[in-house]
Amino acid sequence: MTHRQDYIKKMELKKKAKLDAGLLSEKHPDVVDMVMLVTYYHKGENPILLKRTINYFPTSHAYFNLDCMIKGCENGFFDLTKTVRAQIKGKKKVVKGTISCGRKECSLTPKDDAISYEINIKYSRAKKK
Ligand SMILES: [Zn+2]
């Protein structure tokens with residue numbers, strides 16, 4: 001398989017995973033707004049590789065699996081699905097933490113914090129009668 005075909009296949013799988021995850025409004029109807037602040041680290045003099053703000057809306061897919069940004073770590077990922085689920089279940093507004101890359105071959109070892117995250121969630125106050 002050529003590199004391009006490989007890439008297309010990867011994007012298709014990702015698209016499918018997103019669709020399979022369903023919409024945030026379906027999975028978690030009480031969530032009205034969600035913001036994920038993510039800092040990516042790498043080895044180097046300036047350990048901060050990248051900072052990202054990811055916004056989720058009720059119309060967004062409930063997909064919380066982020067790609068690793070380390071060069072050469074092709075299928076690396078940070079799966080925050082369980083973290084987000086636990087946060088919503090506990091109705092917590094803010095959850096912070098760190099997570100290492102889910103791919104063993106990543107150049108960042110598990111003891112290196114590959115990313116740190118802060119997840120902010122707003123819940124609807126509407127109560128069902
Ligand atoms: Zn990685």
Side-chain angles (χ1 to χ4, degrees):
M1 216 190 284
T2 66
H3 183 74
R4 177 154 173 82
Q5 280 173 321
D6 228 26
Y7 178 77
I8 291 168
K9 198 173 174 221
K10 194 185 160 191
M11 294 320 277
E12 276 172 1
L13 283 172
K14 210 178 162 187
K15 201 175 159 190
K16 191 181 178 297
K18 269 194 176 183
L19 289 173
D20 287 348
L23 297 179
L24 195 59
S25 60
E26 292 166 0
K27 295 275 165 163
H28 307 289
D30 50 337
V31 173
V32 290
D33 189 47
M34 179 173 159
V35 182
M36 213 187 262
L37 306 169
V38 186
T39 307
Y40 293 81
Y41 299 98
H42 68 149
K43 284 174 180 167
E45 271 183 43
N46 182 5
I48 293 175
L49 179 67
L50 177 76
K51 284 191 181 197
R52 271 176 89 191
T53 303
I54 308 163
N55 293 289
Y56 289 92
F57 305 101
T59 50
S60 305
H61 288 285
Y63 184 76
F64 313 110
N65 201 343
L66 310 177
D67 287 339
C68 183
M69 296 281 174
I70 298 295
K71 216 178 165 192
C73 188
E74 280 288 320
N75 298 305
F77 61 90
F78 305 105
D79 193 358
L80 292 167
T81 309
K82 280 183 187 167
T83 309
V84 171
R85 266 192 210 145
Q87 180 173 356
I88 293 170
K89 212 178 165 194
K91 289 254 178 183
K92 288 184 188 143
K93 284 180 186 165
V94 187
V95 165
K96 291 179 191 179
T98 57
I99 189 170
S100 55
C101 181
R103 186 171 174 261
K104 285 191 197 109
E105 296 82 4
C106 187
S107 64
L108 285 172
T109 61
K111 70 178 168 61
D112 296 317
D113 291 330
I115 63 168
S116 66
Y117 57 85
E118 182 184 315
I119 307 166
N120 294 278
I121 299 180
K122 271 187 203 150
Y123 302 93
S124 70
R125 285 172 187 274
K127 278 179 189 161
K128 282 172 194 149
K129 281 177 188 171

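Values below: every heavy atom of this structure, side chains too, minus hydrogens, waters and symmetry copies.
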Asks: Do you know which two heavy atoms are closest between K18 and H61, and how far apart they sit?
Replies: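 Minimum heavy-atom contact is O-ND1, 3.2 Å.
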Asks: With sequence neighbours left out, write down each residue that passes salt bridge (charged side-chain N to carboxylate O under 4.0 Å, His left out) with K14, or none if nothing qualifies.
Replies: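 Partners of K14 by the salt bridge (charged side-chain N to carboxylate O under 4.0 Å, His left out) criterion, ordered by chain and then number, come out as D67.
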Asks: Are L50 and V38 connected in the hydrophobic side-chain network, where two residues link if heavy atoms are under 4.5 Å apart?
Replies: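 L50 clusters together with V38.
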Asks: So, taking the atom named CD1 in I119 and the one named OH in Y56, what distance separates them when rounded to the nearest 0.5 Å?
Replies: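 Result: 8.5 Å between the selected atoms.
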Asks: Test of understanding: with side-chain contact (heavy atoms from CB on, under 4.5 Å), list the residues that count as partners of K82, not counting sequence neighbours.
Replies: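 Scan of K82 (side-chain contact (heavy atoms from CB on, under 4.5 Å), adjacent residues dropped) gives none.
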Asks: Please name all residues satisfying side-chain hydrogen bond (donor to acceptor under 3.5 Å, both in side chains) with S60, sequence neighbours left out, ordered by chain then number.
Replies: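 Here no residue qualifies.
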Asks: For E12, enumerate each residue passing the salt bridge (charged side-chain N to carboxylate O under 4.0 Å, His left out) test, keeping only those at least two apart in sequence or located in another chain.
Replies: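 Salt bridge (charged side-chain N to carboxylate O under 4.0 Å, His left out) list for E12, sorted by chain: empty.
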Asks: In the hydrophobic clustering (ILVMFWY, side-chain contacts below 4.5 Å, transitive), which residues join I8, or is it alone?
Replies: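 Its cluster mates, by chain and number: none.
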Asks: Mind checking the CG-CG spacing from N120 to N55? Nearest 0.5 Å is all I need.
Replies: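 Atom-to-atom, N120:CG and N55:CG are 10.5 Å apart.
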Asks: How long is the gap from SG on C106 to CZ on F77, to the nearest 0.5 Å?
Replies: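 Nearest 0.5 Å value for the SG-CZ distance: 10.5 Å.
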Asks: Going by the rule side-chain contact (heavy atoms from CB on, under 4.5 Å), which residues pair with K89 if we only count those two or more places apart in sequence or in a different chain?
Replies: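 Partners of K89 under the side-chain contact (heavy atoms from CB on, under 4.5 Å) test: none.
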Asks: Just jot down the ring-ring contact (aromatic ring centres under 6.0 Å, His included) partners of Y63, sequence neighbours excluded, or say none.
Replies: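 Listed in chain order: nothing, the list is empty.
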Asks: Roughly how far, to the nearest 0.5 Å, is CD1 of I121 from CG of L24?
Replies: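 Here the rounded value is 8.0 Å.
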Asks: For a 4.5 angstrom cut-off between non-hydrogen side-chain atoms, does M36 reach V84?
Replies: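 Yes, side chains in contact.
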Asks: Donor-acceptor pairs are to be reported for all side-chain atoms of residues 25-35 against protein atoms at under 3.5 Å, with residues two or more places apart or in another chain.
Replies:
{"residue": "S25", "atom": "OG", "partner": "P58", "partner atom": "O", "Å": "3.2"}
{"residue": "E26", "atom": "OE1", "partner": "L23", "partner atom": "N", "Å": "3.4"}
{"residue": "D30", "atom": "OD2", "partner": "K91", "partner atom": "NZ", "Å": "3.3"}

Asks: Who are the side-chain contact (heavy atoms from CB on, under 4.5 Å) partners of K92, not counting sequence neighbours?
Replies: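 Applying side-chain contact (heavy atoms from CB on, under 4.5 Å) to K92 gives Q87, V95.
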Asks: Shortest non-hydrogen contact from N75 to R103?
Replies: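 Heavy atoms only, the tightest pair is C-CD, 3.9 Å.
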Asks: Looking only at heavy atoms, which two atoms of A62 and A21 are closest? And how far apart?
Replies: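 Nearest heavy atoms, A62 then A21: O-CB, 3.3 Å.
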Asks: Identify, with sequence neighbours excluded, every residue that meets salt bridge (charged side-chain N to carboxylate O under 4.0 Å, His left out) alongside R85.
Replies: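 Testing R85 for salt bridge (charged side-chain N to carboxylate O under 4.0 Å, His left out), a comparison that skips the adjacent residues, returns none.
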Asks: Could you state whether I99 and L49 fall into the same hydrophobic cluster, counting links through intermediate Ile, Leu, Val, Met, Phe, Trp or Tyr residues with side-chain heavy atoms under 4.5 angstrom apart?
Replies: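 Linked within one cluster.
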Asks: Please report the interatomic distance OG(S100) to OH(Y41), rounded to the nearest 0.5 Å.
Replies: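 Taking OG in S100 and OH in Y41, the distance rounds to 13.5 Å.
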Asks: Find out if a path of hydrophobic residues (ILVMFWY) with successive side-chain heavy-atom gaps under 4.5 Å connects I54 to I88.
Replies: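 Cluster IDs for I54 and I88 match.
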Asks: Determine, using the 4.5 Å side-chain heavy-atom cutoff (strictly less than), whether L66 and L13 are members of one ILVMFWY cluster.
Replies: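 No, no single cluster joins them.
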Asks: Specify the closest pair of heavy atoms between N46 and H42, including all atoms of both residues, with the distance to one decimal.
Replies: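 The pair with the smallest heavy-atom distance is O-NE2, 3.1 Å.
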Asks: What pairs with Y40 under ring-ring contact (aromatic ring centres under 6.0 Å, His included), at least two apart in sequence or on another chain?
Replies: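 Applying ring-ring contact (aromatic ring centres under 6.0 Å, His included) to Y40 gives none.
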Asks: Could you work out the complete set of other residues in the hydrophobic cluster of M11, with links drawn between I, L, V, M, F, W and Y side chains under 4.5 Å apart?
Replies: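 ILVMFWY cluster around M11 also holds Y7.
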Asks: Nearest 0.5 Å please: distance from the CE atom of M69 over to the SG atom of C101.
Replies: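 Between M69 CE and C101 SG, I get 11.5 Å after rounding to 0.5 Å.
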